[in-house]
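Everything on this sheet refers to the single structure shown next.
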Number of protein chains: 2
Amino acid sequence: MTTRTETLPALAEVFREHGYAGTSLALISAATGLGKGSLYHLFPGGKAEMAACVIEEIDAWFEANLYRPLREQDPPERAISKMFESVERYFRSGRRVCLVGVLALGTSRDLFAEAVRSYFVRWVDALAVALRRVGHNDAASAALAEEIVAQIQGAIVLARALDEPALFTRALATLRSRVATAAG
Amino acid sequence: MTTRTETLPALAEVFREHGYAGTSLALISAATGLGKGSLYHLFPGGKAEMAACVIEEIDAWFEANLYRPLREQDPPERAISKMFESVERYFRSGRRVCLVGVLALGTSRDLFAEAVRSYFVRWVDALAVALRRVGHNDAASAALAEEIVAQIQGAIVLARALDEPALFTRALATLRSRVATAAG
DNA sequence: CCATCTTTGTACCGATCGGTACAAACCCGC
DNA sequence: GCGGGTTTGTACCGATCGGTACAAAGATGG
């Protein structure tokens, strides 16, 4: 007996690796060790439902581990610092791709438009709240938050393209120091 | 009679829209108006060759319109400014995706690893050269160049995710002013 | 106007796609 | 250990995949 939640990490990894279009049921079956029977028992909606569940879990993880602390945790500086730590760990120093980012670039964006949108809106907003709590004015917070999230996404692209994970770590360090000096 | 070069723009658009895995010969046929016969006549290597040709053309375009000016054109400030203009236009204010970036995120990266790597390495390097020519020291130039290219890629992701092209334009404006003030 | 060579549409190939049907294997309360 | 509901493997579906074969159609040189 296998539960949905147990399969989600493997599912997520497959979707990250191959994108939505590139992920076949054969790949999913291999990655999870489950036959089609089990897969369609767990996810009657097929591939689309699997992807939706994966996104939902990712979203929940970010909400609990990043967004909420950014909005609520004191001191905000610490929440921001934790965010960078979590991001570094979650994306495996740029070796792991952001599934939501990948979906945003593809045609599959239409299928998951609202989830993709919400993920990024809430990330940017939560970060802006934290920056405001640190002492920035509204406009600067919003702008910097946008810039930071974009920089993280871009660093993933670049780190993968150059096959140079250090670039990702470096980008995060730069962002950290930028937040620190801007806050001073 | 149709030449290879004539089909490349349509081909590029399809690959951008659907990614490598998501692009089927049926889509290609529809986008180019060419049957399989013609397609395989022009590109005996099939899908892989088509994508390779598209990348090559994109690469050549960036080399001629961005990289070379960044390295050679005087004054460098003008070359950098032109780069931002070209990027804004080329990526249609973030409505159009960067194919090379998309490939970098997917499994197809392996197929085109060297081309993808070279595209970004040369972009970063050319921009670093320009920044050095403006007066930055070596380390600062390299770091800023990396940051700018990553920011552009990330802004594309974010602009698409939020369906908000203005975000892309805004990101470019911020980068411009950052280059300007850093240069002062 | 014909012979030749290039370009194109179409029919077809085996493989694989996402998805369904369903019976065997399994687990459970009893 | 037996009956009933759940979980799973497998065979199969039509559609589509990337790619090939090939003959009709178009252009080209004489």
Side-chain angles (χ1 to χ4, degrees), chain A residues 1-57 99 102-103 105-113 115, chain B residues 1-57 99 102-103 105-113 115:
Chain A
M1 171 170 127
T2 318
T3 147
R4 268 205 215 210
T5 347
E6 289 173 326
T7 73
L8 288 183
L11 274 179
E13 223 40 58
V14 179
F15 280 119
R16 264 189 278 263
E17 278 279 325
H18 301 88
Y20 184 72
T23 298
S24 67
L25 287 188
L27 281 172
I28 294 175
S29 202
T32 58
L34 266 46
K36 288 192 182 187
S38 319
L39 287 173
Y40 274 87
H41 176 67
L42 293 171
F43 304 95
K47 213 170 101 165
E49 187 179 350
M50 298 180 204
C53 282
V54 166
I55 297 175
E56 196 186 321
E57 205 203 30
L99 175 58
V102 170
L103 292 177
L105 291 178
T107 326
S108 36
R109 182 186 65 139
D110 307 333
L111 256 171
F112 310 107
Chain B
M1 174 169 123
T2 318
T3 150
R4 271 208 215 204
T5 349
E6 288 172 328
T7 72
L8 288 183
L11 275 179
E13 223 41 57
V14 179
F15 280 119
R16 263 188 279 263
E17 277 278 324
H18 300 89
Y20 184 72
T23 299
S24 67
L25 287 187
L27 281 172
I28 295 175
S29 202
T32 58
L34 265 46
K36 286 192 183 189
S38 320
L39 287 174
Y40 274 87
H41 176 68
L42 293 172
F43 304 95
K47 213 170 102 167
E49 187 178 348
M50 298 178 204
C53 283
V54 166
I55 298 176
E56 197 186 320
E57 204 201 35
L99 176 58
V102 170
L103 293 177
L105 291 179
T107 327
S108 37
R109 181 187 64 139
D110 306 334
L111 256 171
F112 309 107

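Chain letters run A, B, ... following the sequence lines, proteins first, then strands; residues in each count from 1.
Separating the CG atom in A:L42 from the OG1 atom in A:T5 is a distance of 9.0 Å, to the nearest 0.5 Å. To the nearest 0.5 Å, the span separating OG1 on A:T7 from CE on A:M50 amounts to 8.0 Å. Between atom NE2 of residue A:H18 and atom CD1 of residue A:I28 there is a gap of 10.5 Å, rounded to the nearest 0.5 Å. Annotation: the span from B:R16 atom CZ to B:T23 atom OG1 amounts to 11.0 Å, rounded to 0.5 Å. Note that the OG1 atom of A:T107 and the CD atom of B:E17 stand 6.0 Å from one another [nearest 0.5 Å]. The structure places CG of B:L105 at 6.5 Å from CG of A:L105, a figure rounded to the nearest 0.5 Å.
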field: Working for side chain to side chain contact (heavy atoms under 4.5 Å, CB included), residues A:E49 and A:R4
entry: CA-CA 11 Å; A:E49 187 179 350; A:R4 268 205 215 210; 3.1 Å; yes
Just do the side chain to side chain contact (heavy atoms under 4.5 Å, CB included) check on A:L11 and A:V14 with the steps written out, would you? CA-CA 5 Å; A:L11 274 179; A:V14 179; 5.7 Å; no
- B:F15 and B:K47: CA distance, side-chain angles, deciding distance, side chain to side chain contact (heavy atoms under 4.5 Å, CB included) verdict: CA-CA 10 Å; B:F15 280 119; B:K47 213 170 102 167; 4.2 Å; yes
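B:L39 has its CG atom 10 Å from the P atom of C:dT8, to the nearest Å. Going from atom OH of B:Y40 over to atom P of D:dG18 covers 7 Å, rounded to whole Å. Atoms CD (B:E6) and P (C:dT7) sit 12 Å apart, rounded to a whole Å. Residue B:H18 contributes atom NE2, which lies 11 Å from atom P of D:dC17 at whole-angstrom precision.
Scanning DNA chain D for stems, defined as runs of 3 or more consecutive Watson-Crick or G-U wobble pairs whose donor-acceptor distances all fall under 3.5 Å, gives the following ranges: C:1-27 with D:4-30.
Within residues 42-54 of chain B, the residues approached by DNA chain D to less than 4.0 Å at the level of any non-hydrogen atom are B:G46, B:K47, in residue-number order. For the contact set between residues 21-38 of chain A and DNA chain D, defined by any heavy atom under 4.0 Å, the members are A:G35, A:K36, A:G37, A:S38.
Checked options B:T3, B:V54, B:T32; the residue passing with B:L8 is B:V54 (criterion: side chain to side chain contact (heavy atoms under 4.5 Å, CB included)).
Sparse packing is recorded around CD of A:E56, with 12 or fewer heavy atoms of other residues, nucleotides or ligands lying under 6.0 Å away.
For the pair A:H41 and D:dT7, the criterion of a side-chain N or O lying under 4.0 Å from OP1 or OP2 is met.
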